[in-house]
Every structure is written in C-alpha cells, then in structure tokens.
Number of protein chains: 2
Amino acid sequence: MNIKYVATRAGLPAKTIRYYEEIGLITPLRQANGYRAFRESDLHKLAFIGRARSLGFTIEDCRALLALYEDRERASADVKALAAAHLARIEAKIAELQAMKRTLSGLVEACAGDGRPDCPILQGLGQGHCC
Amino acid sequence: MNIKYVATRAGLPAKTIRYYEEIGLITPLRQANGYRAFRESDLHKLAFIGRARSLGFTIEDCRALLALYEDRERASADVKALAAAHLARIEAKIAELQAMKRTLSGLVEACAGDGRPDCPILQGLGQGHCC
DNA sequence: TATGGGGCTTCCAGTCACGGGAAGGTCAAC
DNA sequence: GTTGACCTTCCCGTGACTGGAAGCCCCATA
C-alpha cells in the first residue's frame with residue numbers, strides 16, 4: 001500500500017502520515033524504490049490515531065493509548081485514567097469558552113451596529129467592564 | 001513607567017509586552033539608557049489588548065479592534081461584525097468540544113477501570129464505533 | 001523513444017502567541 | 001564597591017501540522 005491509498009482509507013493527509021512516522025508513531029516498511037510500504041497494521045494504527053485525534057487527544061496521549069492498545073496485559077484503569085483526564089480538560093475548555101461567549105454576546109447585543117461611532121464593545125474593552 | 005510596572009498594572013507578562021512592541025501593537029518611547037518609557041496611552045492600549053485577548057480575539061483581531069478604537073469616525077457596525085464573527089467561531093468551537101465530550105464520556109462510563117485488559121475505550125478507538 | 005503527468009521522496013520554512021534562558025548593561029541601596 | 005533587582009537583545013522551543021521546492025520513479029500515450 002502506498003501513502004496516498006493509506007491516506008484515503010485512514011482519512012488523514014499524506015503529510016500527516018509522514019509526520020507520524022517522523023515522530024515514531026508508526027514505522028512502515030520501505031519498498032526497493034524508497035517508497036513507504038504500509039501494512040494493514042500500519043493502516044489500523046493510523047485509523048486509531050485519527051479517531052483519537054478527532055476526540056481531541058494530544059499526540060502524546062495517542063502514543064500512550066497506542067501502547068496500551070497493543071499491550072495485552074494492560075489494565076483498563078490506565079486507559080480510563082487517561083481518557084478521564086482528557087475529558088476534564090475538555091470540560092474546562094468548554095467552561096472557559098462559555099464564559100467568553102456570555103460576555104461577548106452581551107456586548108454584541110448591546111451594540112447598535114450602525115454607522116455611528118458609539119460602541120459598547122469598544123467601551124467594554126477599553127474600560128474593563130467586560131471580564 | 002518601566003516595563004515591570006506596566007506589566008503589573010496591565011496584568012500581562014513583560015515578555016508579552018515586548019512581543020507586542022515587536023509586532024507593532026504598541027510603540028513605547030525610549031529613555032536615554034535604552035529602557036522602554038511607557039505612556040499612559042501605552043498602558044491603556046495594553047489593558048485593552050489584554051481584555052480582548054482574554055475574550056479569545058486573535059492578535060490580528062486586536063490590531064483591528066485597536067484601530068477602530070482609535071478611529072473617531074468608525075462605524076460601530078464594523079466592530080460588531082468583527083465581534084460577531086468571533087462569537088460564531090467560539091460557538092462552533094463549543095459545539096465541537098461538546099461533541100467530543102459526549103462521545104468520550106460515553107466511552108469513559110462504559111469502561112470498568114479495573115485491572116483487567118478489556119476496555120471499551122480502546123475498542124471504540126480501534127473499531128471506529130466512536131465518531 | 002520521447003514526453004507528459006501523477007505519485008513519491010526529502011528538506012526547509014512558516015504557523016500562533018508567546019515562554020525560557022543566556023549574556024550583558026543599568027540603577028538604587030547599603 | 002558590591003550586591004541584587006531590573007532592563008536590554010537574541011535565539012531557540014512549543015504542537016501538530018501545512019506549504020512549497022527540488023528532484024526521483026513509474027506508467028501510458030504519441
């Protein structure tokens with residue numbers, strides 16, 4: 001399997017796959033002409049990583065998850081701890097964004113949005129009544 | 001006013017203030033010894049930028065907002081458009097994170113989290129029943 | 001046999017918004 | 001005169017890629 005085929009099947013850009021090799025997440029074989037030769041197991045790993053990434057796990061999380069995935073002696077508690085920590089990060093980020101959203105939508109609603117210069121948004125930013 | 005004083009009053013690290021000068025957001029004067037000499041107006045701009053940043057505006061947004069702030073002929077519609085676009089980005093990000101959160105919390109809840117290797121989280125990531 | 005086009009390779013540079021740290025000048029207090 | 005806090009510039013690193021250049025490789029068509 002060449003890189004473009006694998007990229008299509010895993011739903012990842014070829015560039016990203018080369019990057020994942022560079023940082024040691026996968027180690028595809030090489031053909032005589034220097035082209036990468038992907039095995040089914042490489043494709044499977046890439047799809048795994050892609051799904052983990054789409055859930056927001058960092059690359060280092062993915063590395064750890066892959067290691068657990070391939071360890072038949074793993075304890076599910078380790079996996080759960082990783083995922084729960086990530087979940088907490090996501091929830092914190094959501095809370096942060098929702099706070100921004102509240103403030104910002106208040107300002108946006110207060111702004112007439114016409115041709116005049118008066119603007120509660122700029123006033124809020126300038127005078128600190130916003131955060 | 002020296003940089004540390006301004007940093008304290010604006011609530012920004014000195015490093016960040018130097019960076020903002022480097023990219024042209026502010027242009028403090030210089031003392032004879034080479035130290036930066038901040039005016040009240042510099043401090044005011046820095047506080048403005050800090051508040052905009054804390055609402056998630058990018059640096060380029062801040063540059064545009066500052067320009068509008070200092071333009072007495074501005075139309076509040078321009079400010080509102082900027083802020084509304086940013087608000088939409090925030091809302092999109094929240095939705096994305098909430099989707100992650102739903103999937104991930106489902107997986108985490110399904111995982112026993114004990115010493116056994118069986119793990120729905122890894123299964124979900126490996127078999128694509130997660131996204 | 002030439003050539004054209006697509007695919008593959010590596011390497012370098014850029015992204016965003018800083019943060020860390022080195023090397024060295026300056027200032028006020030003791 | 002000597003600390004010690006403050007200031008300066010400069011350069012590198014972050015995360016996870018993305019874009020682009022330069023150059024091989026392979027196959028099909030004229």
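No hydrogens, no waters, no symmetry mates; every other heavy atom, side chains included, goes into these values. None of these values were measured; they are calculated from a predicted model. Letters A, B, ... mirror the listed sequences (proteins, then strands); counts begin at 1.
In terms of the salt bridge (charged side-chain N to carboxylate O under 4.0 Å, His left out) criterion, residue partners of Glu60(A) (sequence neighbours excluded) are, by chain and number, Arg63(A). A search for salt bridge (charged side-chain N to carboxylate O under 4.0 Å, His left out) contacts involving Lys93(B) returns Glu96(B), not counting sequence neighbours. Shown here are the side-chain hydrogen bond (donor to acceptor under 3.5 Å, both in side chains) partners of Tyr19(A), two or more places apart in sequence or in another chain: there are none. Asp114(B) pairs by the salt bridge (charged side-chain N to carboxylate O under 4.0 Å, His left out) definition with Arg116(B), not counting sequence neighbours. Residues forming a salt bridge (charged side-chain N to carboxylate O under 4.0 Å, His left out) with Glu109(A) (at least two apart in sequence, or on another chain): none.
The two residues Leu122(A) and Leu65(B) come nearest to each other via the heavy atoms CD2-O, 3.9 Å. Of all heavy-atom pairs spanning Gly126(A) and Tyr69(B), the tightest one is CA-OH, 3.5 Å. Nearest heavy atoms, Ala110(A) versus Pro120(A): O-CG, 3.2 Å. Listed here is the closest heavy atom pair of Tyr5(B) and Met1(B): CE2-SD, 3.4 Å. Considering every non-hydrogen atom in both Gly56(A) and His86(A), the closest pair reads O-CE1, 3.0 Å. Minimum heavy-atom separation, Ile121(A) to Cys111(A): CD1-CB, 3.8 Å.
Nucleic acid contact for Ile23(B): none, since no nucleic acid atom lies under 4.0 Å from a heavy atom of the residue.
A salt bridge is absent between Asp42(B) and Lys45(B): the closest approach of a Lys/Arg side-chain nitrogen to an acidic carboxylate oxygen does not fall below 4.0 angstrom. Using a 4.0 Å cut-off between charged side-chain N and carboxylate O, Glu40(A) and Arg9(A) make a salt bridge.
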Inset, instruction - List the steps and the verdict of side chain to side chain contact (heavy atoms under 4.5 Å, CB included) for Leu82(B) and Leu68(B). - result: CA-CA 11 Å; Leu82(B) 240 166; Leu68(B) 287 165; 4.0 Å; yes
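Contacts between chain B and DNA chain D, taken as any atom within less than 4.0 angstrom of a protein heavy atom, begin and end at dC6(D) to dC10(D). Reading DNA chain C from its 5' end, the first and the last nucleotide to sit under 4.0 Å from a heavy atom of chain A are dG7(C) to dC11(C).
Side-chain contact between Leu125(B) and Leu55(A) is present, with heavy atoms from C-beta onward closer than 4.5 Å.
Counting only residues at least two apart or in different chains, side chain to side chain donor-acceptor pair (under 3.5 Å) contacts with residues 27-38 of chain A comprise Asn2(A)-Gln31(A), Glu21(A)-Arg30(A), Glu21(A)-Arg36(A).
Helix-axis bend for the helix from dT1(C)-dA30(D) to dC30(C)-dG1(D): the local axis fitted to the five terminal pairs at one end deviates from that at the other end by 30°, rounded to 10°.
At a non-hydrogen distance threshold of 4.0 Å, Lys15(A), Arg18(A) from residues 6-21 of chain A come into contact with DNA chain C. Within residues 81-98 of chain B, no residue approaches DNA chain C, by heavy-atom distance under 4.0 Å. Within a heavy-atom distance below 4.0 Å of DNA chain D, the residues of residues 29-46 of chain B found are Arg30(B), Gly34(B), Tyr35(B), Arg36(B).
Interatomic distance, CD of Gln127(B) versus CZ of Phe48(A), reported as 11.0 Å (0.5 Å rounding).
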